[in-house]
Visitor: 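Mind looking over this structure? Questions follow.
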There are 2 protein chains.
Amino acid sequence: MQMAVSKHMNDLLEKGGDWYQPGLSLDCVIFGFHENQLKVLLLKMLSVEPWALPGGFIRKDEHIDDAATRVLRERTGLQDIFLKQFAIFGDPARSDRKYHQARFRKEGFSVDKNNWLLQRFVTVGYYALVEFSHVIPNPDNSSIACEWHDLHSIRELYMDHKVILDKALETLQHELNHQPIGYNLLPQKFTMPELQKLYETILDKKLDRRNFQRRMTSYGILRKLNETRKGGAHKAPYLYSFDVRKYQKALKEGLQGGW
Amino acid sequence: MQMAVSKHMNDLLEKGGDWYQPGLSLDCVIFGFHENQLKVLLLKMLSVEPWALPGGFIRKDEHIDDAATRVLRERTGLQDIFLKQFAIFGDPARSDRKYHQARFRKEGFSVDKNNWLLQRFVTVGYYALVEFSHVIPNPDNSSIACEWHDLHSIRELYMDHKVILDKALETLQHELNHQPIGYNLLPQKFTMPELQKLYETILDKKLDRRNFQRRMTSYGILRKLNETRKGGAHKAPYLYSFDVRKYQKALKEGLQGGW
DNA sequence: TATCATTGTGTCAGTTCGACGCAATGCCAT
DNA sequence: ATGGCATTGCGTCGAACTGACACAATGATA
């Protein structure tokens, strides 16, 4: 394992400059929803203390969106993923050559200061909405762990990744009425309280249960199923699924009303 | 003039690779509002038929936002500009080496195919909101004209700039309630019909005059002045100005309601 | 079988929204 | 100078929507 990490890093340092678009990377904020909490998929790298967002480089002839899709497939095992570019981070100070040189030294590489990886990098931020239960977290070649973390308990991240995460969340809140949030984050069948909890978590604010239900049903994007979710300690709530066609149509105009 | 263009292009081709972040550029969609129409500032380059968005490269130690501010200052003469990054365009097919090689040949340069300018470029899109009357359009070193064009009559642009423009407009429509549109596009004093026309132009839709007025005043972001705009062929409308403090505060939450 | 938290549905008053009426204003043609 | 007329300022009204809350139904648990 450690061996593979080393081999991979060596290749990357030596040949990455030929393979990849110079000075450009991407980072993904992968959102999932589990046990009524919003989760983010993070990587732990060797010899770097804070966790990091899954990221990658862009091959010279590759569309950036395709590169992001590739990164996501490799990290989650998912093929069809909702993915959206939301910002680009272009502060020259975000690439700290000394920091990275020290990191590589710690891992046993001596890297020339002209190496492509030590140059300035601009990164493109993507956020993804995935169905938690379908994800099989999978560390990349330069990581030793890949795990879900609770969104609201993430304090510090690698480099400027915390800034990227915060911006992603802000974007998500802002685009709540225009993106298929529920469809991508919830399982096919879900209950109204689950949907509400998702909205509450994203907005970080409590909503009135009855008004939420009225509003959601009034959009006409839900299909009420003839089943209930048994097993909870209380009255079994009905299950719903999205009417995808109507959902897509409603999102084009944006769901009406603010939160 | 032509001479300066040639000299500049020669420097760019030979030394740009040392000065600038490789494979990365930026393009600005500069919006202005004049005679009740939304305008966009465009450049005409030598030996390129369609007009182009003003753009530029990013110096190796320069923040991309700073580079965009620099480009805008050079094109418009304005110092304090509302500027917002809205997307990145990363299709490898947007960089057409053969097309550019032909263009340079036409201008009398023989450019090696490994030249930095012929590599793949990813571009960052910015949109700017400026006060039309304050702008002094100024072509850059590789252009022969810099002029305002009517937004809705722009059909074709250089490379993928039309796509960039359309995306900028879409973003503007989408962020109408969150960005200080009026404050940046209108002169300090303006009339309610002017403000309404601005909204109508951006949204490309007619609004009811009386309801628009009610809604705008209800936000509490306008200061009604004790003056009227004389000279029009009809009843003189009152002048307004923005209460900047309240405007900023209202935008944080976003102006309420959809359009 | 009673308990109890939770869910499904309804009510109600206050507010907002869209559509429209009408009078006031200020150029302009006569 | 004066009446015409397009435009502006302000108001009205009913319908639709919103926020706050009441109450009955449900289903696991004790």
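We use all heavy atoms of the structure for the numbers below, so side chains are in, but hydrogens, waters and symmetry mates are not. Quick note on labels: first sequence line is chain A, next is B, and so on, each numbered from 1.
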Visitor: Measure the distance from CD on A/Gln196 to P on C/dT6 and round it to the nearest whole Å.
Guide: 12 Å

Visitor: Choose from D/dT7, D/dA20, D/dG9 the nucleotide whose nearest atom is closest to any side-chain atom of A/Asn211.
Guide: D/dA20

Visitor: Can you tell me if the side-chain N/O atoms of B/Lys235 get under 4.0 Å from OP1 or OP2 in C/dC27?
Guide: no

Visitor: Hey, does B/Gly257 reach any base, or is it just sugar-phosphate, or nothing, if we go heavy atoms under 4.0 Å?
Guide: nothing

Visitor: What nucleotide among C/dG26, C/dT7, D/dT8 has an atom nearest to a side-chain atom of B/Pro237?
Guide: D/dT8

Visitor: Side chain of B/Arg210: nearest nucleotide among C/dT7, D/dG11, D/dC21?
Guide: D/dG11

Visitor: Report the distance from atom CD of A/Glu194 to atom P of C/dT7, rounded to the nearest whole Å.
Guide: 10 Å

Visitor: Classify the ring geometry between A/Trp259 and A/Tyr199 as parallel (under 30°), tilted (30 to 60°) or perpendicular (over 60°).
Guide: tilted

Visitor: What's the closest nucleotide to the side chain of B/Arg214 if the choices are C/dG18, C/dC12, D/dC23?
Guide: C/dG18

Visitor: Rounded to whole Å, please give me the gap between NE2 in A/His234 and P in D/dG27.
Guide: 13 Å

Visitor: Specify the separation, in whole Å, of atom NZ of A/Lys206 and atom P of D/dA20.
Guide: 14 Å

Visitor: Taking OP1 and OP2 of C/dT7, is either one under 4.0 Å from a side-chain nitrogen or oxygen of A/Lys224?
Guide: no

Visitor: For B/Asp208 and D/dC10, give me the distance from atom CG to atom P, rounded to whole Å.
Guide: 15 Å

Visitor: Aromatic contact between B/Trp51 and B/Tyr158, with the criterion being ring centroids under 6.0 Å apart: yes or no?
Guide: no

Visitor: Heavy atoms from C-beta onward define the side chain here; which of C/dG26, D/dT8, D/dA22 lies closest to that of A/Arg209?
Guide: D/dA22

Visitor: Do A/Ile30 and A/Val40 have side-chain heavy atoms sitting under 4.5 Å apart?
Guide: no

Visitor: Establish, for the pair A/Lys224 and A/Tyr238, whether the NZ or CZ atom is under 6.0 angstrom from the six-membered ring centre and no further than 45 degrees off its axis.
Guide: yes

Visitor: Could you give the CZ-to-P distance, from B/Phe212 to C/dA19, as a whole number of Å?
Guide: 16 Å

Visitor: Check whether any side-chain nitrogen or oxygen of B/Gln213 sits under 4.0 Å from OP1 or OP2 of D/dG9, and answer yes or no.
Guide: yes

Visitor: Check whether more than 12 heavy atoms from other residues, nucleotides or ligands sit under 6.0 Å from atom NZ of B/Lys84, and answer yes or no.
Guide: yes

Visitor: In whole angstrom, give the distance that lies between atom CG of A/Leu255 and atom P of D/dT18.
Guide: 12 Å

Visitor: Could you say whether A/Gln256 or B/Thr191 is positioned toward the 5' end of DNA chain D, judged by the nucleotide with the nearest heavy atom to each?
Guide: B/Thr191

Visitor: Across the strands shown, which category fits A/Arg215 at heavy-atom distances under 4.0 angstrom: base, sugar-phosphate, nothing?
Guide: nothing

Visitor: Could you tell me the separation between the NZ atom of B/Lys230 and the C1' atom of C/dG26, rounded to a whole number of Å?
Guide: 7 Å

